[in-house]
Amino acid sequence: MARIVMKFGGTSVANLDRIRHVSRLVEAEVEAGHEVAVVVSAMSGETNRLVALVDALDQETDLGAPIEDEYDSIVSSGEQVTSGLLAIALRRRGLKARSWLGWQIPLRTDNAHSKARIAEIENSAIGPSMSDGNVAVVAGFQGIAEDGRISTLGRGGSDTSAVALAVALKADRCDIYTDVDGIYTTDPRIAKDARRLGRIAFEEMLELASLGAKVLQTRSVELAMNNNLPIRVLTSMAEVGDDNPGTLVCNEDETMEERVVSGVAYSRDEAQITLLQLKDTPGMVAKVCKAMSEAGVIVDMIVQGISRSDNAANLTFTVGIRDLDKALKALEVEKDNIGFENIKSDDNVTKVSVVGIGMRSHTGVAQTMFEALADKGINVEVIATSEIKISVLIDSEYTELAVRVLHQAFELEKTSA
Ligand code: ASP
Ligand code: MG
């Protein structure tokens with residue numbers, strides 16, 4: 001007998017038929033003799049609908065900051081509905097089950113409403129209830145803050161609820177059911193020969209966030225990594241008894257290291273800013289970074305180049321596309337203090353990255369990457385690297401081509417592990 005946590009995302013509980021289907025998948029695990037906790041998201045689209053209601057009311061007045069404690073009370077309601085519905089569906093199948101809201105467990109968080117962090121999960125009630133043969137159906141995404149109010153864990157937060165619950169319950173498995181059958185070497189809509197990975201290391205999963213973000217909330221991967229809890233990502237569309245291995249996100253092992261690159265990710269949410277004719281003095285980049293952090297803008301890739309005239313430099317960096325206006329305004333204000341002549345910006349850029357823990361032990365990855373791009377005449381504007389990742393900034397027009405060419409250059413269509 002094992003203790004398992006099963007998590008179902010919005011499309012997996014999108015309507016009563018899907019919820020009935022989930023109840024069959026849960027029943028199969030109970031019949032196999034396991035103790036089961038199920039974490040559910042809201043029906044797909046429901047959280048967006050609730051957020052839009054809050055926004056609409058907020059926009060009628062201009063009272064400043066959003067009212068986040070009430071936001072949490074509203075947007076957490078979608079999970080209350082699905083946890084109750086699934087509990088009914090399970091009981092109608094003759095299983096013992098009950099729903100649990102965040103505050104009933106209790107799943108305690110800090111007071112950062114709308115993006116709360118989990119502080120502690122008590123299992124003094126839920127654990128014994130499961131040991132008595134009850135399926136625990138837990139509303140994901142929500143908890144109770146120190147102030148006694150409902151809190152939510154940020155969009156996509158039910159993944160984190162599931163992993164945290166698995167850790168608290170000392171579960172043997174944490175299975176995240178979703179609408180794709182695992183993590184792929186790249187976006188299958190772009191590269192037709194993209195393959196499902198059997199296993200992927202926690203660190204790679206974090207770097208592949210742009211591929212996986214829709215599948216797993218980043219924080220859930222960090223939490224699983226810190227507690228060494230493997231997560232299996234698999235589809236909820238399969239029938240009971242189907243072969244459905246999914247992708248295991250786990251600690252790295254030797255087979256993963258043999259693979260030089262595990263995946264190619266891309267992000268179109270980038271914008272590039274270039275400051276021209278900067279006074280090339282110590283502290284100049286620091287001033288730029290300070291201006292950005294004071295404006296609440298995260299700077300990602302940075303490159304400094306020499307300008308044509310003496311003692312001047314050009315500085316290029318990237319920010320999130322949604323922050324571009326904010327960044328440009330803040331730079332304009334600091335123009336004299338930073339000491340540059342002109343600003344150029346471009347939001348028609350894409351960051352393409354190759355990721356793999358194998359890079360630590362294999363050489364020539366950068367060469368393969370740049371040759372493959374050059375072969376197709378794709379110009380690289382900015383480069384950034386980490387121990388397990390190389391990212392390049394390119395013109396968005398070449399996104400699909402670059403992804404396909406890199407997928408091929410690293411022979412990812414052959415990946416089997
Ligand atoms: N329903 C919440 C959201 O859409 C939480 C989740 O699904 O993980 O963000
Ligand atoms: Mg999700």
Side-chain angles (χ1 to χ4, degrees), residues 5-15 18-19 22 25 37-55 66 68-86 99-103 105 107 109 112-118 121 137-145 150-167 174-184 187 200 205-206 208-224 231-237 246-247 249 265:
V5 172
M6 305 168 80
K7 184 258 166 177
F8 293 91
T11 46
S12 307
V13 292
N15 54 47
R18 296 309 318 158
I19 291 176
V22 167
L25 296 172
V38 189
V39 175
V40 286
S41 291
M43 291 179 175
S44 62
E46 178 63 3
T47 309
N48 286 346
R49 188 183 73 84
L50 295 165
V51 170
L53 289 176
V54 177
D55 283 352
E68 282 173 333
D69 48 351
E70 300 302 348
Y71 166 98
D72 280 351
S73 142
I74 296 157
V75 301
S76 62
S77 64
E79 276 75 8
Q80 175 163 352
V81 172
T82 46
S83 59
L85 288 172
L86 180 58
S99 62
W100 295 82
L101 299 180
W103 64 267
I105 295 176
L107 184 154
T109 73
H113 283 285
S114 83
K115 47 185 171 307
R117 282 188 169 263
I118 299 175
I121 300 181
V137 187
V138 175
F141 183 47
Q142 54 169 266
I144 177 168
I150 294 174
S151 51
T152 62
L153 307 177
R155 298 305 306 271
S158 346
D159 296 332
T160 303
S161 309
V163 172
L165 190 66
V167 171
C174 182
D175 292 344
I176 308 260
Y177 286 84
T178 177
D179 52 358
V180 292
D181 66 350
I183 308 296
Y184 275 68
D187 185 344
I200 184 168
M205 190 66 230
L206 286 174
L208 287 172
S210 67
L211 285 178
K214 288 165 227 116
V215 184
L216 288 178
Q217 195 192 36
T218 309
R219 207 185 274 177
S220 71
V221 183
E222 284 164 356
L223 196 62
I231 314 176
R232 196 153 62 107
V233 176
L234 66 174
T235 175
S236 69
M237 305 299 151
T247 298
V249 188

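For ligands, and for the atoms within them, numbers begin at 1 and follow the listed sequence.
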Hey, does G154 come in under 3.5 Å of ligand 1, counting only N/O atoms on both sides?
no
Could an N or O of ligand 1 be found under 3.5 Å from any N or O of E79, whether backbone or side chain?
yes
Sequence neighbours excluded, which residues qualify as side-chain contact (heavy atoms from CB on, under 4.5 Å) partners of I74?
L50, V54
Just checking R155: does its CZ atom have more than 12 heavy atoms from other residues, nucleotides or ligands closer to it than 6.0 angstrom?
yes
For G157, is the nearest heavy atom under 4.0 Å from an atom of ligand 1?
yes
Below 4.0 Å from any atom of ligand 1, is there a heavy atom belonging to G78?
no
Under a 4.0 Å threshold between the charged nitrogen and the carboxylate oxygen, would K7 count as salt-bridged to D175?
no
Determine which pairs satisfy salt bridge (Lys or Arg N to Asp or Glu O under 4.0 Å) with at least one residue from residues 38-54, sequence neighbours left out, and list them in order.
E46-R49
Closest approach of T160 and S220, non-hydrogen atoms and distance?
OG1-N, 3.3 Å
Would you name the heavy atoms of M237 and T11 that are closest together and state the gap between them?
CE-O, 4.2 Å
To check your reading of the model: name the closest protein heavy atom to [atom], its residue, and the distance in Å.
atom: atom 4 (O) of ligand 1; result: R155 NH2, 3.0 Å
atom: atom 7 (O) of ligand 1; result: S41 OG, 3.0 Å
atom: atom 6 (C) of ligand 1; result: S158 OG, 2.9 Å

